[in-house]
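Let me begin by presenting the structure, written as structure tokens, before commenting on it.
Reckoned from all heavy atoms, side chains included, excluding hydrogens, waters and symmetry mates. Numbers restart at 1 for each chain; the letters A, B, ... are given by sequence-line order, proteins then strands. In this text, all values refer to a predicted model and were calculated from it rather than measured experimentally.
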Amino acid sequence: MRAEGVSPWGTLVFEVMSQQTPIPRVQPIWERWMRDWPGPADLAAAPTADVLIAWDRLGYPSRALRLQQCAAAVAARPGGRVPADMDELMALPGIGPYTASAVSCFAYHRRVAVLDTNVRRVLARTLDGREFAPSSSPGRRERSRAESLLPDDGEACADWNVALMELGALVCDQRAPRCEACPLASECAWLAAGRPAAEVRPRGQAWAGTDRQARGRVMASLRAAHVEGRPLTRADALSAATLPGADPAQASRAVDGLVADGLAVADPVTRDLGLPG
DNA sequence: AAAACGGGGAT
DNA sequence: ATCCCAGTTTT
């Protein structure tokens, strides 16, 4: 979390959860998570099934798996402490450039730019006069420019990064920017240019009918079966994975994929499915 | 460079 | 009923 009194590990957990999920949905899960598993060693020692159930529907259950792997990696470090350096952070499972920079800055007040999609959009609009950042991930140019804007003091950097992230999330909205409420309106190149629309709109992912939806249905059944203390038969798993009007091969692909990803385990004899121990 | 990977909320 | 959102890993 980006607040006082939160441990570096708590910050890391919060930022991992926030990777694809809005803060309001993350907050209650994070509170309970940190109560149950305050430190990396606690999470590393927990049954993976409990971790996946606590993760609930935050999205992409493989991220919960990696977070537990990350906990083990951190617990194995000297003092069991979260590293402060970008390179050491990025070497941890599930930690990429975004989370590494967020932890480095928010937990350790390192002078690092935190470039999430909201910040990239704010900079693209105010400085480049473009509606969106170039669609790919931030490159050298973007990062060095963002760094050149940072305050000198590390603590001020944390405030700066949080401010830009919030501005992008709440005011400089992707679809409906509230320029009338924007503190940067008078200096914004995009607003000055009349808010020109980008040639290519970023295309969202399809959801209905995808393998991801089928996998999500199976995960929901696995969680329910686990809390009821029963296994899930393969037939029931396939049934859960069968979407209306879908390719018949999709269900088995979804179930087998979950097993391959370590999100489900299959009994070698009965083929019953369960969450990993 | 591109695809795979959930699930909810706004419109 | 549609559209939209995000960072990490794998291919």
Side-chain angles (χ1 to χ4, degrees), chain A residues 11-29 51-70 73 86-87 89-104 106 112-122 124 131-139 142-143 161 164-166 168-178 197-198 200-223 240-241 243-244 250 253-264:
Chain A
T11 299
L12 185 151
V13 172
F14 188 84
E15 295 302 335
V16 167
M17 289 178 171
S18 305
Q19 280 168 6
Q20 288 97 346
T21 309
I23 308 298
R25 251 191 293 162
V26 165
Q27 189 74 33
I29 306 278
V51 174
L52 291 171
I53 287 168
W55 186 261
D56 197 35
R57 283 170 295 192
L58 278 187
Y60 301 136
S62 50
R63 293 196 291 128
L65 230 44
R66 292 197 200 103
L67 181 55
Q68 193 181 28
Q69 293 161 0
C70 179
M86 286 288 291
D87 290 340
L89 281 162
M90 279 196 285
L92 297 169
I95 309 297
Y98 164 75
T99 310
S101 63
V103 170
S104 189
F106 299 148
V112 176
V114 181
L115 283 182
D116 74 351
T117 186
N118 295 311
V119 174
R120 296 182 64 213
R121 186 174 57 249
V122 169
E131 188 178 18
F132 303 123
S135 59
S136 58
S137 46
E142 221 178 313
R143 178 158 291 282
N161 283 320
L164 279 188
M165 291 167 76
E166 300 250 315
L170 303 175
V171 177
C172 197
D173 186 85
Q174 157 101 217
R175 254 186 303 187
R178 303 171 47 226
V200 290
R201 316 285 305 178
R203 185 74 190 119
Q205 294 176 342
W207 164 244
T210 59
D211 283 17
R212 289 181 359 265
Q213 186 182 28
R215 288 165 55 107
R217 300 262 259 251
V218 178
M219 286 304 298
S221 295
L222 284 168
R223 284 191 294 259
L243 272 22
Q250 183 177 57
R253 195 166 63 233
V255 171
D256 295 341
L258 289 174
V259 173
D261 290 347
L263 290 164

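If you measure from atom CG of A:Asp116 to atom P of C:dT8, you get 10 Å, rounded to the nearest angstrom. Remark: P of C:dA6 and CZ of A:Arg25 are 12 Å apart, rounded to the nearest angstrom. In this structure, the CD atom of A:Glu131 is 13 Å from the C1' atom of C:dC4, given to the nearest Å. For the pair A:Arg120 CZ and C:dG7 C1', the interatomic distance rounds to 11 Å; values are reported in whole Å. Computed from coordinates, the A:Leu12 CG to C:dT8 P distance equals 11 Å when rounded to whole Å.
Taking a cutoff of 4.0 Å between a charged side-chain nitrogen and a carboxylate oxygen, A:Asp173 and A:Arg178 do not qualify as a salt bridge.
Looking at heavy-atom distances under 4.0 Å, A:Arg212 makes contact with a base. Among the atoms of the strands shown, only primed sugar atoms or phosphate atoms (P, OP1, OP2) are found under 4.0 Å from some heavy atom of A:Arg223. In this structure, A:Asp173 reaches neither bases nor backbone, as no heavy-atom distance under 4.0 Å exists between it and the strands shown. Using a 4.0 Å heavy-atom distance criterion, A:Gln213 is classed as making no nucleic acid contact. Nucleic acid contact class of A:Pro61 (heavy atoms, under 4.0 Å, all strands): sugar-phosphate only. The residue A:Arg215 sits close only to the backbone: its heavy atoms come under 4.0 Å of sugar-phosphate atoms, none of a base.
Taking atom P on both nucleotides, C:dA6 is separated from B:dT11 by 14 Å, rounded to a whole Å. A distance of about 23 Å separates the P atoms of C:dC3 and B:dG6, rounded to the whole Å.
Qualifying salt bridge (Lys or Arg N to Asp or Glu O under 4.0 Å) partners for A:Arg25, counting only residues two or more places apart in sequence or in other chains: none. By the side-chain hydrogen bond (donor to acceptor under 3.5 Å, both in side chains) test, A:Arg57 pairs with no residue at all, sequence neighbours left out. Applying the salt bridge (Lys or Arg N to Asp or Glu O under 4.0 Å) test to A:Arg215 and every residue at least two apart in sequence or in another chain returns A:Asp261. Under the salt bridge (Lys or Arg N to Asp or Glu O under 4.0 Å) criterion, A:Asp56 pairs with no residue at all, not counting sequence neighbours. Under the rule for a side chain to side chain contact (heavy atoms under 4.5 Å, CB included), the partners of A:Ser104 that lie at least two apart in sequence or sit in another chain are A:Met86, A:Leu89, A:Arg110, A:Val112.
Using a 4.0 Å cut-off, no side-chain N or O of A:Thr99 falls inside it from OP1 or OP2 of C:dG7.
Using a 4.0 Å cutoff to heavy atoms of chain A, the contacted part of DNA chain B runs 5' to 3' from B:dC5 to B:dT11.
Summary of the strand contacts: A:Thr117 and A:Pro93 both lie near DNA chain C, and taking for each the nucleotide with the nearest heavy atom, the more 5' one is attributed to A:Thr117.
Here the nucleotide nearest the side chain of A:Gln20, chosen from C:dG7, C:dT9, C:dC4, is C:dG7.
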* Asked: Could you go step by step and tell me if A:Leu263 and A:Leu65 meet the side-chain contact (heavy atoms from CB on, under 4.5 Å) rule?
  -> CA-CA 8 Å; A:Leu263 290 164; A:Leu65 230 44; 3.6 Å; yes

